[in-house]
Participant: 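What follows is a structure written as structure tokens; I'll ask about it next.
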Amino acid sequence: MENRNNDAKIFGENLYKGAVVDSAASSYEMNVTQSLITSGTFTAPHLFWPVPGVGIPGDMKVNSDSWSERILSDNKEEYLRLIDRENLLQKFKNGIHSMAIEYMVNDIDGNPVWLHQSIHLSQDPHNGDVLALIVIVDKTEEKLTAVQNERRMLVIEGLTAEYETVCWVDLTHDNYEVYRLSGKLSKAFGDVLKPSFEESIHLLADRVVYAADRERFLEHLSIKTLQKVLEQKQETSFTFRGGVMGEPLYYRAKLVPIHDGLGELTRILIGFANIQEERANDGRRQLVLETALEQARQASAAKNTFLSRMSHDIRTPMNAIIGLSEIAEAHPDDPEKVEDCLKKIRFAGIHLLELIDNVLDMSRIESGRSVFREEACSIRELIRSVTELFQPSLRRKKQTLTLNAEKDVADMLILDKVRMTQLISNLLSNAVKYTPDEGQIRIDIHNRKNAPEGYQGILLHVIDNGIGMSNEFQNHVFEPFEREQNSDVISQNGTGLGTSICKGIVEAMGGTISVWSSEGTGTVFTISLDLKIADHESAGRNKADSGRASILARGTVFGLSEKELLMRETGQKEKTASDVKPKGNYFDRPLQLLLVEDNELNREITTELLKSKGYLVESAENGRQALAMIMQRERYYYDAVLMDIQMPEMDGYETTRAIRLIEKPEDRKLPIIALTANVYSESIQRAKEAGMNACISKPVETGALAELLNEVLDSSQKGEEA
């Protein structure tokens, strides 16, 4: 009798297993007592594939640990606790024979799949071992459906949030289902909600709708009108007034046709929204819309003007570059003509680069992304250092430049040296450019009274006796790309952005800039600023290098004194690429450089330029490769590194920091020069903080690079000798 009962039990369990397993993606049997998977069935090869060292029959823990590595959801630990042998034995002992868990894995193609894993425990009647049937079912479709339904409801909730009452109307059966009902409406007019939609609408019109609007209300919500909305498959809306006494309230009804499950249009979603506040704000909204429309028109006009002028200003040097290149190619046997073309191509390229730099700088200022780094600085020394940069041009045009500063103007002020240098340089550049030979230029600094306590108010005038401006142009002088339309101005290269950039810098510093000019007489630019007076400690710390802030220099050596910087930037004569020669090191051999640059063409060009200067050059495609090359070479193999900033794997900053941590001290001190297309002050500061010795902008000028290398190596050698 006992055997017959056991047979019946086994037969029933097999029937259950068969029914469950048929719909499963995988099922397998396990002897929990012996920690052994005895058999398995897999019907979803995209989910289950062979793993080395894991098989069936096989160890239960090895299999479960391997499978758990594929679980992507946050319940991996819960899965491991559930499938643990001791846990399953304890569950069976406590009378718990079924349990389940859901989790997510990726299929063989990397797609997320949700699985439902159930565990059914039983006992072997022959030896008493605890057995487990594991069934895994793919629940992805159900999960996606549930998520989609939830999203649909969230969308409906969001789209109908402004409506006090929302209902679904089935025109075929003249009934409706209320999705949302205003509490006020439900309490006051609940008795009008009849099973028939048409009957309810008529009752609602009589009880709720303002008398003058009832006919229109009923017409819009009649079965005939709603059927027309369905046929046209377009949503529509109308307004009406509610309330039967006193001032009416304004409502909007919106009608949206809805597809049923078979794609047929049989239902309409109707929402009723209180728009009383909206009506009250109509006047203000109309004003806002009109203002926005006018601003859009102005923006469109400004965009068209910008594109038109950019097209002209960019095409001018580009046409020169392309045309001169064709002329040079057509005369390969005429060295003089080819040399002339190359000089003009270089000049056009420099002009194009100036245009791009100014446009980018203007964009950063207008978008508020321009970073200002304030520090103590001598205003007099800064202006003197800027004027030194223009000495070659002043000598060439035999112009006189004087600087006058009132004695009662505080000297050490808190400001951004780079931006102040750029500001004065732009104004001084225009003064030099538009003042005839032997003309007079003057920079005056006056004490502007009534500045806040702790601040120095200054009035800075840049004055020239040049060609001046027309009254009409003075109204547009600070607008981007605006230039005076006369032959004296058009003949000069310019982008029309210098004064716009000045205005952006001054306003970002909380000041104002203005202009006075008269044609044939000259021009005066006036800047008014309140600058914080530096305390004694910060003034002493920064006075030594207060003149080092010129972002206009193509190369910047970190740590040079003011005198050394001015000697490099101005010197006694203008230097060309051929004037600068590379220096040897202690062993009187050509310098060995490591060029780190990810762009193949830039790498090739820079390598050739350096070799033409007499340097030995090796190159690396990225920071990781450069670091390996430095560590593999013998001591003092490289004399300097030219480091690009933006690179894959390891950028220039990260690579420099890694070099500064190398075990060999001679490699840690290796001079590193940043090569960057981003010459803004924050980028230069980042290069300095990363441990670089100097920075030079792209495209690289051979003369500036050779000179910068000499100075960096001189500085490095002096440091080692000390």
Side-chain angles (χ1 to χ4, degrees), residues 298 302 305 358 361-362 364-366 368 370 372 379-380 382-383 386-387 390 399 401-406 408-410 413-435 439-452 455-486 488-489 492 494-532:
Q298 293 177 1
T305 301
N358 282 341
D361 209 357
M362 191 70 210
R364 289 169 63 86
I365 290 173
E366 289 187 344
S370 188
F372 282 72
I379 187 68
R380 292 176 175 82
L382 183 144
I383 294 177
V386 175
T387 61
F390 289 89
Q399 295 171 336
L401 172 62
T402 57
L403 171 61
N404 303 305
E406 291 184 350
D408 59 345
V409 174
L413 304 173
I414 302 297
L415 51 82
D416 185 309
K417 295 188 291 186
V418 170
R419 293 302 180 188
M420 181 63 80
T421 299
Q422 186 180 16
L423 169 63
I424 299 170
S425 295
N426 282 353
L427 296 179
L428 194 53
S429 174
N430 282 342
V432 173
K433 186 184 299 182
Y434 298 119
T435 298
Q440 305 292 320
I441 301 170
R442 194 169 84 241
I443 299 177
D444 291 347
I445 306 175
H446 297 284
N447 184 0
R448 187 178 62 76
K449 309 299 183 182
N450 302 321
Y455 284 78
Q456 171 65 65
I458 65 170
L459 286 175
L460 190 149
H461 304 290
V462 178
I463 308 165
D464 66 64
N465 63 347
I467 62 177
M469 310 176 196
S470 66
N471 290 332
E472 180 182 357
F473 179 68
Q474 290 180 54
N475 296 325
H476 305 283
V477 67
F478 296 112
E479 297 175 10
F481 299 101
E482 290 290 345
R483 300 188 71 197
E484 183 82 274
Q485 297 302 305
N486 64 52
D488 290 331
V489 174
Q492 299 282 350
T495 63
L497 284 172
T499 51
S500 300
I501 292 172
C502 288
K503 184 174 185 290
I505 293 174
V506 171
E507 290 181 348
M509 296 171 69
T512 61
I513 183 170
S514 60
V515 64
W516 174 92
S517 186
S518 176
E519 289 183 283
T521 301
T523 299
V524 179
F525 280 94
T526 300
I527 299 168
S528 175
L529 289 170
D530 287 334
L531 299 175
K532 189 174 183 180

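Atom set for the values below is all heavy atoms of this structure, side chains included, hydrogens, waters and symmetry mates excluded.
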Participant: For Glu406, enumerate each residue passing the salt bridge (Lys or Arg N to Asp or Glu O under 4.0 Å) test, keeping only those at least two apart in sequence or located in another chain.
Facilitator: none

Participant: Name all residues meeting the side-chain hydrogen bond (donor to acceptor under 3.5 Å, both in side chains) criterion together with Thr387; count only those two or more places apart in sequence or in a different chain, and write none if there are none.
Facilitator: none

Participant: Rounded at 0.5 Å granularity, tell me how far CD1 in Ile513 sits from CD1 in Ile527.
Facilitator: 4.5 Å

Participant: Check whether any side-chain heavy atom of Glu519 sits under 4.5 Å from a side-chain heavy atom of Ile467, and report yes or no.
Facilitator: no

Participant: With rounding to the nearest 0.5 angstrom, report the CZ to CG distance, Phe390 to Leu428.
Facilitator: 4.5 Å

Participant: Hey, does Leu531 have a side-chain heavy atom less than 4.5 Å from the side chain of Met509?
Facilitator: yes

Participant: Please report the shortest heavy-atom distance between Ala410 and Ile379, naming the atom on each side.
Facilitator: O-CG2, 3.9 Å

Participant: Mind checking whether Leu413 and Lys532 have side chains closer than 4.5 Å, heavy atoms only?
Facilitator: no

Participant: Run the side-chain contact (heavy atoms from CB on, under 4.5 Å) check on Asp464 and Gln440 step by step: do they pass?
Facilitator: CA-CA 6 Å; Asp464 66 64; Gln440 305 292 320; over 6 Å; no

Participant: Of Leu423, Ile424, Val515, which meets side chain to side chain contact (heavy atoms under 4.5 Å, CB included) against Phe525?
Facilitator: Val515

Participant: Between atom CG of Leu460 and atom OG1 of Thr526, what is the distance when rounded to the nearest 0.5 Å?
Facilitator: 8.5 Å

Participant: Mind checking what makes side-chain contact (heavy atoms from CB on, under 4.5 Å) contact with Asn404, not counting sequence neighbours?
Facilitator: Thr402, Arg442, Asp444

Participant: Atom NE2 in His461, atom NE2 in His446: separation rounded to 0.5 Å?
Facilitator: 4.5 Å

Participant: Would you please name every residue forming a side-chain contact (heavy atoms from CB on, under 4.5 Å) with Thr512, sequence neighbours left out?
Facilitator: Ser528

Participant: For Thr523, check side-chain hydrogen bond (donor to acceptor under 3.5 Å, both in side chains) against everything at least two apart and list the hits.
Facilitator: Ser517

Participant: Are Arg380 and Val409 packed together at the side-chain level, in the sense that at least one heavy-atom pair is separated by less than 4.5 angstrom?
Facilitator: yes

Participant: Can you name the residues that form a side-chain hydrogen bond (donor to acceptor under 3.5 Å, both in side chains) with Gln456, not counting sequence neighbours?
Facilitator: Asn447

Participant: How many angstroms lie between atom CG of Asn426 and atom OG1 of Thr499, to the nearest 0.5 angstrom?
Facilitator: 8.5 Å

Participant: Can you list everything that forms a side-chain contact (heavy atoms from CB on, under 4.5 Å) with Ser518? Sequence neighbours excluded, please.
Facilitator: Trp516, Thr521

Participant: For Lys449 and Asp408, what are the C-alpha separation, side-chain angles and deciding distance, and is it a salt bridge (Lys or Arg N to Asp or Glu O under 4.0 Å)?
Facilitator: CA-CA 11 Å; Lys449 309 299 183 182; Asp408 59 345; 3.5 Å; yes

Participant: State the OG1-CD1 distance between Thr435 and Ile441, to the nearest 0.5 angstrom.
Facilitator: 4.5 Å

Participant: My understanding is that only residues two or more places apart in sequence, or in another chain, count here; which of them pass side-chain hydrogen bond (donor to acceptor under 3.5 Å, both in side chains) with Ser514?
Facilitator: none

Participant: Over all heavy atoms of both residues, which pair between Leu529 and Gly511 is shortest? Give the atoms and the distance, please.
Facilitator: CD2-CA, 3.6 Å

